[in-house]
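Naming: A, B, ... by sequence-line order, numbering from 1 per chain. What you are looking at is a predicted structure, and each value in this text was computed from that prediction instead of being measured.
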Amino acid sequence: MKLFTFKQGVHPPYKKELSKDKPIQKAGIPEKIVIPLVQHIGAPCKPDVVVGDAVKEGQMIGKARGFVSAPVHSPVSGKVKRIEKAPHPLGQDILAVIIQPNGNGEMAYMEPMGEKINKLDPTSMLSHILNAGIVGLGGAAFPAHVKFSPPRGKPINTLIINGCECEPYLAADHRLMLEHPDDLLLGAHMIGKVLGVKNIIIAIESNKPDAIKTIDHAAAHGEIVCMVTETKYPQGAEKVLIKALLNREVPSGGLPMDVGVVVSNVGTALAVCEAVRDGKPLIERVVTITGNAVKYSGNYLVKIGTPVINLIEQAGGTTGTPGKFIMGGPMMGIAQSSFDVPVIKGTSGILILKKEDYMEEEHRPCIKCSFCVQSCPISLLPSTLSLIAEAKKWGLAEKYGVNDCIECGSCAYVCPSKRPIVQFIKTAKLKLQEIKAREKK
Amino acid sequence: MSNSVKMILILTLIACISGGVLSLVYMISSPLIEANMLDEQRKSIFLVVPGAESYEEKMKEDITYFECKDTSGSTVGIALPVQGNGYQGVIKLMVGLTPDLSRITGIKVLEQVETPGLGGRISEDKFQDQFKDVSTKPAVEYVKNQEPEKDTEIRAVTGATISSRSVVAIINKNIQRLSSVL
Amino acid sequence: MGGVIILISLASMGGLGLALVLMLVVADKKLSVKEDPRVEKALEILPGANCGACGFAGCGAFAAALVEEKSTVSGCKPGGNETVQKLTDLLGIEETESISPKVARVFCSGGIKETVKDKVYIGIETCISAHLVGGEKACLYSCIGFGDCCEVCQFDAIYMDDNGLPVVDLAKCTGCGECVRACSRNIIGLTDYDEVVHVYCSSHGKGAVTKKICKTGCIACKLCEKDDDTGAVKVIDNLAVIDYGVNKAPVESVNRCPTKVIRVSAPAPGYENMFEAKIKQSQKAVEEKKT
Amino acid sequence: MENNKQALVLSTSPHIKNNESVPKIMFSVILTLIPAAAFSVYQFGLYILLLCVVSVATCIVSEYVVVRLRKRPFTLTDYSAVVTGILLVMVLPPGFPVYGVILGAVVAIVIGKQIFGGIGYNIFNPALIGRAFLAATYPVFISKWIQPRIGIDALTGTAVADALSSATPLASMKFDGIGTPFISLFFGTTGGSIGETSAFLIILGSLYLISKKYIKWRIPASIFVTVFILGQIFHYIKPDQYPGGVFHLFAGGLMMGGLYMATDMVTSPLTKKGCVIFGAAIGFLVIVIRLFGGLPEGVMYAILFMNAFVPVINRATKPKIFGTWGPA
Amino acid sequence: MAKIDRGDTNAKRRGFSEFAKGFWKENPILVMLLGLCPTLAVTTSAINGLTMGLAVVFVLTGSSLIISVIRNIVPKQVRIPTFIVIIATFVTMVDLFLKAFFLDLSKALGPFIPLIVVNCIILGRAEAFASKNKVWFSLLDALGVSFGFTVTLVVLGGIRELLGMRTFFGMNVLGEGFEPWIVMLLPPGAFITLGFMLGAKNLIDIRMKERKRG
Amino acid sequence: MEVILIFISAVLVNNFVLSYFLGICPFIGVSDKIESAVSMGFAVTFVLTLAAAITWLINRYILIAFNVTFLEYVSFIIVIASLVQFVEMFIRKTSKTLYDALGIYLPLITTNCAILGLALFGALREYSFIQNIVFGIGAGIGYTLALVIMSGIREELDLADVPEPLKGAAITMIIAGLLALAFMGFA
Amino acid sequence: MFIKGISGEEGEVVAVHGNKAAVKIKANKSCKKCHLCKRISSTEMIVDAFTERPVSKGERVVIAVRPGTIVKSAVILYILPLIGLIIGYYFGKFISAFFHIRVKGELFPACIALIFLFLSFIPIHIYDRKKQNDSRFRVFITDNIPKNISNPD
Ligand SMILES: Cc1cc2nc3c(=O)[nH]c(=O)nc-3n(C[C@H](O)[C@H](O)[C@H](O)COP(=O)(O)O)c2cc1C
Ligand SMILES: Cc1cc2nc3c(=O)[nH]c(=O)nc-3n(C[C@H](O)[C@H](O)[C@H](O)COP(=O)(O)O)c2cc1C
Ligand SMILES: Cc1cc2nc3c(=O)[nH]c(=O)nc-3n(C[C@H](O)[C@H](O)[C@H](O)COP(=O)(O)O)c2cc1C
Ligand SMILES: Cc1cc2nc3c(=O)[nH]c(=O)nc-3n(C[C@H](O)[C@H](O)[C@H](O)CO)c2cc1C
Ligand code: SF4
Ligand code: SF4
Ligand code: SF4
Ligand code: SF4
Ligand code: FES
């Protein structure tokens with residue numbers, strides 16, 4: 001079989017064996033659910049309930065504000081205890097609705113489309129997607145309805161369902177493809193329909209042969225094709241994936257739609273399917289809990305808003321001293337300072353590492369070994385960028401294409417000087433934004 | 001006065017004054033300078049041709065040389081100013097020869113820009129003195145890192161073979177040219 | 001012979017000079033191109049050494065850069081102070097070193113000693129980079145302490161103390177605001193010189209939480225708000241805020257604040273009198289109200 | 001206030017890194033240099049060992065002093081000063097005086113490296129700066145070669161036997177037109193710098209580094225190809241004056257320079273294209289200096305000259321950024 | 001930097017500071033980075049540096065004097081040609097003088113005596129100072145700058161001579177045991193020594209500033 | 001053949017900046033951006049060559065012809081100074097676009113000793129006209145080369161942790177020294 | 001030498017023809033010096049830009065001058081005349097040999113060389129004029145600016 005791939009990239013140890021054979025389990029409902037009003041890229045939600053209100057499972061509790069925004073729903077039935085600032089995986093305190101579940105299981109889903117799916121018109125599907133508060137589950141949490149309604153000037157001809165899961169440790173997408181292939185494909189069809197696209201591709205990395213088989217089998221009679229990509233990080237990054245599969249280059253600063261493509265995560269496809277078919281808003285998602293500091297690694301279907309500490313308890317607690325707690329994968333995930341943060345829509349993995357799993361050495365000056373240059377999938381010069389950022393020459397960083405960086409971390413992974421290249425790049429981007437904002441004023 | 005006229009006047013005037021002043025200074029200093037130069041030439045000629053008391057500038061074809069005479073007026077040797085390329089740049093020498101050009105009576109390095117301490121050591125007496133009484137027939141030669149054996153040989157400065165070789169080559173070439181016209 | 005040489009010299013130099021100057025005169029007439037007159041003037045002031053020491057390609061380029069405000073007058077080293085002075089006059093640039101009525105103040109008192117550190121940060125040692133991942137201190141509104149603010153100050157007016165907090169040298173601070181822009185936690189602000197009472201905390205965290213993690217944070221107890229008769233202090237979003245528009249210093253609140261985050265500032269040099277006047281005025285206002 | 005016991009570590013992604021590190025790379029370089037160095041000791045005697053020790057020690061001390069003066073973090077743990085020290089000795093003639101080595105090592109570390117800010121920032125190859133400085137400082141010593149296997153005094157470095165010195169293969173070729181058989185060139189039984197004579201051992205060591213990608217293979221490859229082709233061309237033009245390509249490859253410091261010194265990561269270009277240009281230019285200059293310059297050998301000068309061009313090469317070969325029409 | 005008084009009351013003090021600044025605060029080589037070519041080229045020995053320095057003293061003083069006398073009558077467009085002719089005249093005089101009395105020195109300094117003409121210091125000072133200031137101050141400025149230049153040249157030449165020939169002003173200082181560093185007499189030695197001198201100057205300035213602050 | 005030798009020698013062996021120490025001041029001042037280095041270098045080349053041509057004529061047909069060689073410096077420099085000024089005006093008139101981009105470097109060259117140095121060397125070595133021209137071009141290209149290398153290095157050093165006292169001119173000097181070391185191989 | 005055009009300008013595509021697009025941009029400070037573009041008014045001008053990516057009318061794009069322009073201009077301005085000089089010299093030599101012009105030394109070819117040098121400014125002048133009118137002078141579209149949303153990544 002032909003393996004699709006891209007230039008450069010890295011091969012971190014995948015460590016998927018910890019979790020990839022663990023079937024998805026339903027996680028228990030905690031005593032307290034924390035629903036932050038920001039779980040997506042875009043404007044924060046406005047709370048739609050007040051303290052003391054009784055809420056049902058699936059009830060909208062935060063309204064979308066603006067087009068690029070997505071509503072949030074209560075994943076359980078219960079009572080609104082407080083609306084206050086609470087810890088958030090992004091590292092700030094963010095306004096959240098705190099719900100005490102009552103275990104009644106009262107539901108308030110949207111109208112299920114059930115049998116009508118085939119006759120459904122794209123507009124009403126889109127409104128379901130919007131009302132279900134679906135965001136991209138691949139990590140970026142970009143509101144799905146926005147992505148699925150491209151502007152008129154940008155015709156879309158290809159939909160890529162991203163099942164690469166190139167991040168080490170994580171297996172949520174893998175399990176999803178194994179356990180729900182049909183729902184997933186149905187979801188992909190729906191997205192295809194919304195977009196008016198015939199050409200649908202599911203991309204899976206070659207290290208998931210079982211998933212490839214399952215999906216291939218399930219898709220045997222439809223128009224969806226399964227394409228296998230080489231196991232290489234960051235194969236799942238959309239720009240890289242589009243280049244690998246279709247040989248199209250998303251222009252710098254552009255979006256996949258600039259080359260007629262929409263990329264969605266497999267989880268997103270499943271969520272779309274459930275929302276449209278069953279009327280179920282995005283209130284739970286599959287999360288991989290893994291890492292050497294977790295007793296029993298596994299994959300759980302988790303209510304959004306569950307504090308991580310509860311999930312860890314279900315996974316048997318921690319072993320040894322946990323050194324690092326990461327939301328997401330080890331290459332792109334965000335390190336957290338406490339276990340009190342809740343699972344949010346974009347959380348694909350909870351990774352708890354012991355000291356010996358990660359190396360945190362002092363960084364040294366760049367020795368220009370060019371390992372990073374040879375690994376950057378975007379063909380930047382990470383070494384130069386990091387030096388520029390270190391010298392605080394923000395304008396120069398822009399000229400060297402800092403804004404094109406996808407922050408995949410390949411460069412920092414290979415750097416023998418252990419330079420925090422991605423942090424340098426993020427700092428430069430932030431500074432440039434600040435400067436731009438100030439200039440506009 | 002218009003600006004243009006002013007410009008013309010000032011610059012021309014200044015240029016004239018400068019020319020005038022300089023020609024005055026030149027007139028005062030030029031005899032001294034010439035005397036200086038001549039003195040240097042004389043010194044070097046008398047150095048390379050021992051016994052010479054007076055000399056006479058001669059020209060054959062395009063070769064200039066000095067015929068040296070002792071007090072009695074008989075020719076004691078020939079001083080030949082020569083030059084050629086060394087390691088870094090031009091080397092200028094004064095070579096003293098017996099009247100029949102068969103032996104060198106002495107050399108003097110007049111100008112050179114070789115590396116100081118290396119090629120530059122060709123200006124040292126130790127190197128120059130070797131040429132005294134060296135035979136030019138068939139040609140002057142150099143040896144490296146050992147004492148010269150034949151009477152046509154001199155020892156090259158250690159680490160500066162190129163400069164030493166250049167000196168030898170310049171001497172040989174010019175003696176040959178001179179002997180072909182004499 | 002001498003006479004001849006003098007004549008020839010005079011003739012050749014004079015001839016050369018004449019020919020060249022004629023060329024220049026013609027060129028000046030026919031080829032000259034107009035420029036911004038200020039560039040010309042600036043050029044005249046500059047030494048004309050064309051040494052390139054200013055980093056520009058000669059005095060002309062430097063003059064143009066000056067007029068376009070791409071460089072500061074002090075770029076020219078050979079010219080010295082006098083040139084700078086003249087250029088300043090010509091271009092009408094204000095001396096930046098004159099004292100402006102604003103001064104920077106750091107609104108955080110949670111140094112190493114006062115604030116809990118509940119995590120370990122590894123990475124680039126600048127505030128902005130540490131801010132990206134959350135810093136080390138438990139308080140998300142606290143000073144990170146790597147001194148980005150100090151680095152940008154061109155006047156050496158701000159430095160880090162032993163407690164890991166920046167201190168503004170009021171005598172040197174020009175109120176340029178660079179440090180304010182550099183701080184990623186937004187805890188430095190520009191205040192008027194004669195404003196004397198400030199809230200030295202920026203935490204919008206819940207009072208109960210703040211109390212746990214910082215000895216000197218604003219715990220939003222609202223004592224200042226209730227007890228101050230001037231009504232200049234309000235607790236907004238868990239933080240006491242002073243309404244500087246009220247023309248009285250809320251001296252009373254200072255005494256009431258249990259964590260001492262509302263404090264009377266050190267007087268700025270040269271403003272001591274004004275400072276005392278302000279305090280007196282406020283106290284008087286308070287007393288008047290009482291009676 | 002006191003730290004929390006179970007504090008979690010915060011840092012930016014990526015949270016895992018591979019197990020390469022600067023000390024590991026430098027250590028590998030040191031290891032692979034040992035065979036060539038040992039062979040040299042066998043060839044020229046224990047004096048070489050003395051020079052190595054002195055050179056490495058001086059490098060370490062100078063680095064330590066500068067770093068302390070500058071109040072910078074301790075950098076000795078990266079072993080790069082040791083590499084510099086060993087390589088400096090490797091390119092000096094066997095009888096070089098000890099004080100000369102000390103001077104060279106100080107210059108290599110202080111002027112060649114620390115002045116630019118220490119490891120990673122230097123523009124020129126520090127060991128070669130040391131050697132070039134010595135070449136200009138003690139030009140007599142630097143062109144004094146000793147016949148191998150005659151033994152030199154272990155403490156003073158003076159040759160024991162009376163055959164004082166011998167010309168290197170390149171010098172005899174250039175000045176006297178005498179060639180050297182290929183086998184002795186390859187296995188290093190000729191005169192020459194301490195570490196450069198045995199092409200065989202140098203290649204052996206570097207193959208390991210190439211396999212670990214610590215050496216960018218494009219640089220030596222393009223150097224050798226250029227030298228060979230150009231050498232061969234001139235050989236065809238004037239066979240009796242110019243030696244052939246194979247001679248050029250294995251004579252003098254080309255193997256040492258091409259494999260260990262031109263490939264110094266810090267002072268070579270970042271991009272693949274840049275490496276090829278860099279290597280080809282070095283090869284070209286080596287041939288030009290060897291055939292037309294005043295000196296018999298030009299590897300050092302060629303590498304230093306091209307080191308100076310690296311920033312320009314890096315600028316000129318910036319890769320095309322994904323999704324743009326050209327380089328950044 | 002000295003504050004510039006406009007009145008004549010402080011003329012004496014100003015005069016002194018105009019003179020003194022050339023040695024450190026406005027040292028032509030170390031601060032203004034002017035006149036570097038002769039600086040580097042001729043300083044293979046202290047005596048060469050001294051000679052070059054004194055030549056510059058003569059040329060700079062003489063031309064500053066004349067330029068500040070005629071400064072008001074020269075039209076802008078021909079200012080540079082005029083000044084440079086005046087300077088060149090003085091330089092030629094020095095050159096002829098050296099050739100007449102110190103032939104060896106003249107040879108050692110080679111083509112760098114004529115290059116004083118274009119030496120940036122001279123034209124720089126002419127344009128920056130002499131063409132704008134009264135005769136007396138121009139003279140002091142010229143003397144200060146050129147003596148500052150001379151001192152720097154002697155120091156640089158001294159270092160290079162010491163290490164390159166183990167002598168100072170021709171006297172053997174370091175003894176036979178010291179193997180001379182020939183590189184010091186070559187271009188690299190010149191550049192590197194001057195580089196370190198600049199660094200030392202900056203270091204002292206930084207230290208002084210720090211000490212002032214406490 | 002001789003012409004080629006003169007050229008190569010002027011570019012590499014006797015590089016004006018690195019072994020003759022000519023034109024150092026602008027070399028230190030302007031060499032911080034590659035673009036400006038190239039433009040400046042070409043401007044120098046142009047003026048050098050032009051000066052080589054004109055001063056050759058002056059030398060041959062005035063100074064030598066009338067035996068007033070002591071007027072060398074004065075006459076050369078007055079010609080160079082006026083010439084540069086003239087060329088500047090001329091280029092500005094003929095090609096405004098190019099002048100705006102590049103002409104700014106011209107005034108900088110007047111006081112560059114390289115020009116006078118070239119004229120004097122040419123006279124001293126008794127070059128023929130074409131030799132003198134080639135000498136000028138070679139010297140200019142050599143100057144450009146040194147400028148470009150130096151500017152590249154300085155751009156790179158902007159990102160390096162150079163010791164505070166050595167920043168700026170000091171490190172530039174030392175690099176020039178190291179470059180001169182590297183250029184010694186071409187002797 | 002190969003940096004991305006430093007002065008990237010934002011503009012709007014007003015017409016597309018083949019791989020060229022007419023882009024309307026605002027005249028600003030950095031444009032004052034440059035005459036590559038046709039100005040349509042004092043505040044706006046139209047630039048013909050090459051493009052390697054599909055653009056459509058109304059799209060906002062970034063244009064920049066292709067790198068290397070400065071260096072190329074330097075070559076044209078300074079090196080071309082020198083070539084003229086050398087050609088002039090040999091031409092002069094040829095003429096003097098051909099017509100047996102008897103002037104001592106190299107005076108004649110030297111003068112011809114200088115004349116050629118100044119003559120070579122004629123083509124430069126023409127080129128300069130042409131460049132002012134011919135706005136295709138290596139302007140490229142380097143980027144397009146997405147209208148609606150920012151990049152989710
Ligand atoms: C470095 C990098 C790696 C990524 N890896 C994956 C991946 O393995 N799987 C995935 O679904 N999305 C991955 N993404 C996110 C995709 O680029 C893209 O945003 C996502 O597939 C879009 O789907 P969504 O909107 O449904 O999340 C990655 C992004 C980056 C920058
Ligand atoms: C800095 C330096 C300066 C040199 N200067 C000279 C020199 O002035 N004269 C010379 O003949 N060789 C000079 N050389 C060339 C070498 O010393 C060359 O190896 C030597 O001429 C070979 O001669 P040998 O066989 O005597 O060692 C110099 C080399 C260097 C590195
Ligand atoms: C001495 C040597 C020469 C090599 N030559 C080549 C070559 O000419 N072409 C090639 O593709 N790989 C060559 N390789 C293989 C490389 O080790 C390796 O495949 C290559 O660096 C991968 O580089 P990439 O980064 O372009 O994928 C060579 C390896 C060695 C050790
Ligand atoms: C492959 C390789 C080659 C090296 N070559 C040299 C060298 O030639 N000279 C040197 O001083 N250091 C060398 N080093 C060590 C190190 O890179 C050098 O000290 C840095 O230039 C210091 O910043 C080398 C390192 C590696 C990995
Ligand atoms: S520079 Fe950015 S895109 Fe390139 S490897 Fe590093 S993180 Fe990835
Ligand atoms: S991998 Fe690290 S050390 Fe190597 S070039 Fe990149 S940043 Fe520098
Ligand atoms: S940066 Fe400006 S505002 Fe801040 S302390 Fe310094 S002078 Fe004051
Ligand atoms: S005040 Fe702001 S910038 Fe200054 S040290 Fe604290 S966090 Fe950093
Ligand atoms: S002294 Fe030569 S350029 Fe300044």
**Student:** Given the ring of A/Tyr400, does D/Lys318 sit roughly above its face, with NZ or CZ under 6.0 Å from the centre of the six-membered ring and within 45° of the axis?
**Tutor:** yes

**Student:** Given heavy-atom pairs under 4.5 angstrom as the criterion, report whether the side chain, backbone, both or neither of A/Cys366 touches chain D.
**Tutor:** backbone

**Student:** Could you go through the side-chain contact (heavy atoms from CB on, under 4.5 Å) check for D/Asp78 and A/Arg364 one step at a time?
**Tutor:** CA-CA 9 Å; D/Asp78 61 28; A/Arg364 300 168 184 272; 3.4 Å; yes

**Student:** If every non-hydrogen atom of A/Pro365 is compared with every non-hydrogen atom of D/Ile119, which pair is closest and at what distance?
**Tutor:** CB-O, 3.4 Å

**Student:** Please determine whether a side-chain nitrogen of the Lys or Arg among A/Glu249 and D/Lys320 lies less than 4.0 Å from a carboxylate oxygen of the Asp or Glu.
**Tutor:** yes

**Student:** Decide yes or no on side-chain contact (heavy atoms from CB on, under 4.5 Å) for D/Ile25 and A/Phe371, but give the supporting numbers first.
**Tutor:** CA-CA 12 Å; D/Ile25 294 176; A/Phe371 291 172; 4.1 Å; yes

**Student:** Specify the closest pair of heavy atoms between D/Leu270 and A/Ser383, including all atoms of both residues, with the distance to one decimal.
**Tutor:** CD1-OG, 3.5 Å

**Student:** Report which part of A/Ile378 has an atom under 4.5 Å of a heavy atom belonging to chain D: side chain, backbone, both, or neither.
**Tutor:** both

**Student:** Would you please name every residue forming a ring pair (Phe, Tyr, Trp, His ring centres under 6.0 Å) with A/Tyr413, sequence neighbours left out?
**Tutor:** none

**Student:** So what's closer than 4.5 Å to chain D heavy atoms on A/Pro168: side chain, backbone, both or neither?
**Tutor:** side chain

**Student:** Please look at A/Ile421 and chain D and tell me whether the side chain, the backbone, both or neither of the residue comes under 4.5 angstrom of a heavy atom of that chain.
**Tutor:** neither

**Student:** Which residues in residues 258-267 of chain D have a heavy atom less than 4.5 Å from any heavy atom of chain A?
**Tutor:** D/Met265, D/Val266

